[in-house]
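Quick notes on the structure that follows.
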2 protein chains.
Amino acid sequence: MPIPRYTRTVSNAELDDLLEVCKALANPTRLQIMGWLRDPSDHFAPQADPMEEVGVCVKQIQEKAGVSQSTASQYMSVLQRADLVESTRIGQWTYYRRNQKRIAALPELLGASL
Amino acid sequence: MPIPRYTRTVSNAELDDLLEVCKALANPTRLQIMGWLRDPSDHFAPQADPMEEVGVCVKQIQEKAGVSQSTASQYMSVLQRADLVESTRIGQWTYYRRNQKRIAALPELLGASL
DNA sequence: TTGGCAAATCGAAACATTGCGATATGACGA
DNA sequence: TCGTCATATCGCAATGTTTCGATTTGCCAA
């Protein structure tokens with residue numbers, strides 16, 4: 001029975017997870033969006049539904065970021081795939097907000113994987 | 001004199017800094033290397049100079065990662081530009097080690113910028 | 001001083017990401 | 001039912017990243 005030459009400290013799942021997070025944040029606009037979503041009412045104009053609860057709709061993010069509608073939509077789904085944001089659909093709007101639980105756990109993930 | 005409509009919480013310098021870190025880590029092999037360098041003697045074979053102090057030479061990283069010499073060298077300079085590793089040249093070898101101070105400060109940078 | 005080793009840099013091909021306009025889907029109000 | 005608005009998805013050209021082999025630089029020992 002062969003003994004592995006060197007130890008593996010970090011699980012592959014955690015590493016892949018962190019990798020996806022880094023990829024999602026490795027874009028200046030997406031990184032900014034995450035910051036804006038921290039205090040939505042400081043960065044976005046009022047909207048139909050209360051942004052502190054449900055989040056901010058794509059149109060507002062698009063306007064603030066100065067990108068096209070399709071780009072804004074794509075950005076948000078990249079961030080969502082990395083589990084950094086959550087979304088709620090209300091009527092014709094999709095509201096995005098930070099996944100605060102996940103974000104709070106990032107330092108730990110960093111410490112464990114990196 | 002126009003008043004900015006919304007508040008900026010995060011400095012551009014910090015955001016750019018975090019962006020560079022994310023870019024550097026947004027590659028599976030580079031991410032792995034950072035992990036290996038945490039406990040070098042658990043992951044690399046003995047070498048001329050003591051790796052816990054000076055770090056690990058490029059050749060060892062190259063072999064462990066299974067990439068070409070030029071790729072390994074580039075990877076290390078990407079990590080160094082992001083300030084995640086430091087290097088020491090001894091004779092014909094360049095030893096790389098984690099910038100532990102910087103890495104310890106990452107959670108704070110994350111908390112401040114993201 | 002010459003040969004060999006380690007590392008860095010260069011140039012290029014393959015591959016991935018970016019970001020747009022066009023189009024599709026679905027909700028709402030007239 | 002129709003037109004409009006918000007969002008999502010598609011296809012594509014431009015740009016950026018990856019990764020290599022070849023070349024260059026620098027160090028050391030014979």
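Just the heavy atoms: all of them, side chains too, but no hydrogens, waters or symmetry mates, feed the values below. Numbers restart at 1 for each chain; the letters A, B, ... are given by sequence-line order, proteins then strands. Treat the numbers as computed from the prediction; the structure is a model and nothing was measured.
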Protein heavy-atom contacts under 4.0 Å, written 5' to 3' over nucleotides 10-16 of chain C as B (base), S (sugar-phosphate only) or - (none), form the string -------
In short, A/Tyr95 meets A/Val54 closest at the heavy-atom pair CB-O, 3.2 Å
Letter by letter from the 5' end, nucleotides 25-30 of chain C scores (B base, S sugar-phosphate only, - none; protein heavy atoms under 4.0 Å) -BSS--
When every non-hydrogen atom of B/Glu14 is compared with those of B/Leu109, the smallest separation belongs to O-CD1, 3.9 Å
- prompt: Using a cut-off of 4.0 Å on non-hydrogen atoms, how would the nucleic acid contact of B/Ser73 be classed: base, sugar-phosphate, or nothing?
  reply: base
- Looking for any heavy atom pair under 4.0 Å, which part of the strands does A/Tyr96 touch: base, sugar-phosphate only, or nothing? sugar-phosphate
Exercise. Is the number of heavy atoms from other residues, nucleotides or ligands under 6.0 Å of A/Glu52 CD greater than 12?
Worked result: yes
A/Leu15 and A/Ser113 have their tightest heavy-atom pair at CD1-O, 3.6 Å
With sequence neighbours left out, the residues meeting salt bridge (charged side-chain N to carboxylate O under 4.0 Å, His left out) with A/Asp83 are none
query = When you check the gap from the basic side-chain N to the acidic O, do B/Arg98 and B/Asp39 get nearer than 4.0 Å?
reply = no
On a heavy-atom basis, the closest approach of B/Leu114 and A/Arg38 is O-NH1, 3.1 Å
By nearest-heavy-atom nucleotide on DNA chain C, the more 5' of A/Ser68 and B/Ser77 is B/Ser77
Using the six-membered ring of B/Trp36, assess whether NZ or CZ of B/Lys64 lies under 6.0 Å from its centre and within 45 degrees of the ring axis. yes
